[in-house]
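Atoms considered below: every heavy atom in the structure, side chains included; atoms not considered: hydrogens, waters and symmetry mates.
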Amino acid sequence: MFRVSAKNLFLFAQRRFLETSAALLKPPKSPPPPPPSSSSALVDCLVKSLDLPLESAVSVAQRLGAHQNSVEKADSVLRFLCSRGFGKAQMAKLVTNTPSFLLSNVESNLKPKLEYFREVGLSESVLLATIAGNSKFFWRSLNSYYKPQTEFLKKYLRTSSALDVAIKRCSWLLTVDRRYILEPNIDLLIREGVRFDDIAILMLYQPRTLVTKVEKVASFVESVKGLGMKPSSTSFIHGLRVMSSMNESTWNKKVENFKSLGWSQEDFLSMFVRCPHCLALSEKKIRRTVDFYLNTASIDREVIVSQPLLLLFSVDKRLRPRHGVITFLSSKGLLKVDKPTVTPFRLTEELFMKRYVMKHVERVPHLMEMYRGSATAQ
């Protein structure tokens, strides 16, 4: 056993007594201060009004900081947006992205902007989607930004419905400052010789091109010109639409897909110049359509290469029903077909009905039903 002297034992006991006494005399830790009542009320407002998770609501309140009447202002903003058709998810996205939005003045900021865009013809769905997708939408001035921006767009789009469609396709048309993106891109196209009406087509059908960096648009223009397309032709703007909608990797995949179907590089480029839209088709759509022409309608590949518009037609809604009528009439001796032809496929619906259906309906009363039934069934 260890021997402990009386002196050491005394010193040990004394030290323990002093440590215990100091701990007892130390004031207890004060609990964390409760959040300010206004912040708590704002959190409750966000949770109840938007179904925000508590953690997100607290984060919004903290980022917003201490502002006088913040709860009243936030409640006013949310009530206004709700009355104008905004859903909880849309409002939550705006609030979490830009908490200061809750301090907006309804009468002088939010209301005038919404009323203006309704007056110029934007539909409810497009307007709500545009605002929900851009949390800084209400930061810009109505008079110095949005009105001039809208008038600039209407110069090309002309009608309210066209404006609505274009902004639905690319809301950046409304939110990207025209002076730095839109106008320089349009000026570039005009200098190259693109016509006003073709620019309007581009803005309506592929508006994203016009909000792309000018340097990139310039490279697209040079690429399309390099394929032999003249900027003054309408086909040029369609070529630009298609080329600007895909990256280099996607373009190369399109080339390889056609090559696997028997197209040469020259065939591919010739097809693009004749019908740029063909490259916008999916690989599945292209393969299925080519298979129909080659194996069902017995059309030579060279015909498809020289008439790429044929690839745009729907197999189920146009090609197969018409082929069924031609085949039936030929089998009954009512139509002489020397060799497979694409003429019936290219005709408008009115002309096809006149030449191949109504002309024979007296001798084949069920021909109309067969054609319509085939079109529906397929």
Side-chain angles (χ1 to χ4, degrees), residues 161-162 165 168-169 201-202 204-206 234-235 237-246 250-251 253-263 267-331 334-335 337 339-361 364 366-378:
S161 58
V165 170
K168 180 180 181 180
R169 288 175 173 155
I201 289 173
L202 183 64
L204 179 61
Y205 292 103
Q206 187 65 28
T234 300
S235 62
I237 212 68
H238 292 304
L240 183 62
R241 281 178 55 195
V242 173
M243 186 167 285
S244 63
S245 70
M246 63 183 74
T250 303
W251 173 273
K253 287 180 181 178
K254 299 280 187 181
V255 175
E256 292 305 316
N257 183 41
F258 276 101
K259 284 185 175 180
S260 70
L261 294 170
W263 268 250
D267 291 337
F268 175 83
L269 295 177
S270 172
M271 177 193 67
F272 178 73
V273 171
R274 290 168 183 266
C275 184
H277 295 303
C278 289
L279 264 72
L281 301 173
S282 69
E283 179 178 336
K284 180 180 179 181
K285 156 67 177 170
I286 292 168
R287 287 187 169 278
R288 190 161 181 256
T289 307
V290 170
D291 178 74
F292 172 85
Y293 283 126
L294 297 181
N295 300 316
T296 301
S298 301
I299 304 297
D300 292 337
R301 181 181 286 102
E302 291 71 21
V303 175
I304 309 172
V305 171
S306 64
Q307 302 182 55
L309 182 70
L310 294 169
L311 294 173
L312 301 182
F313 300 146
S314 168
V315 172
D316 294 330
K317 295 179 180 180
R318 184 184 188 115
L319 303 180
R320 201 176 299 282
R322 293 188 180 192
H323 181 261
V325 169
I326 299 301
T327 302
F328 176 81
L329 293 176
S330 178
S331 68
L334 298 174
L335 184 67
V337 180
K339 64 178 181 178
T341 176
V342 297
T343 299
F345 303 135
R346 293 181 59 98
L347 294 176
T348 64
E349 179 69 8
E350 182 181 359
L351 277 177
F352 180 83
M353 287 287 295
K354 180 179 180 181
R355 292 186 188 181
Y356 297 102
V357 179
M358 301 308 296
K359 182 179 179 179
H360 303 284
V361 74
V364 187
H366 65 284
L367 187 59
M368 175 72 79
E369 287 74 14
M370 184 183 74
Y371 176 55
R372 295 301 185 196
S374 176
T376 301
Q378 294 296 332

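With Ser260 contributing its side chain and Asn257 its backbone, the two residues share a donor-acceptor pair below 3.5 Å.
In Met246, the CE atom is crowded: over 12 heavy atoms of neighbouring residues, nucleotides or ligands sit closer than 6.0 Å. No more than 12 heavy atoms of other residues, nucleotides or ligands shown are found within 6.0 angstrom of NZ on Lys168.
Applying the side-chain contact (heavy atoms from CB on, under 4.5 Å) test to Ser330 and every residue at least two apart in sequence or in another chain returns Val337. Residues satisfying the side-chain contact (heavy atoms from CB on, under 4.5 Å) test with Arg274, not counting sequence neighbours, are Ser270, Pro308. Remark: Glu349 engages Arg322, Arg372 in a salt bridge (charged side-chain N to carboxylate O under 4.0 Å, His left out) (not counting sequence neighbours).
Considering CZ of Arg318 and CG of Leu310, their distance stands at 9.5 Å, rounded to 0.5 Å.
Of all non-hydrogen atoms in Val242 and Pro276, the two that sit nearest each other are CG2-O, 3.4 Å.
In this model, no donor atom of one side chain and acceptor atom of the other lie less than 3.5 Å apart for Thr296 and Arg320. The closest side-chain donor-acceptor pair between Arg241 and His238 falls under 3.5 angstrom.
Aromatic pair Phe352/Tyr371: centroids less than 6.0 angstrom apart.
Remark: of the listed residues Leu281, Asp291, Leu279, Leu281 is the sole one forming a side-chain contact (heavy atoms from CB on, under 4.5 Å) with Ile286. Across Leu294, Ile304, Leu319, a single residue satisfies side-chain contact (heavy atoms from CB on, under 4.5 Å) together with Thr289, and that is Leu319.
With respect to the salt-bridge test (charged N to carboxylate O, under 4.0 angstrom), the residues Asp300 and Lys339 do not qualify.
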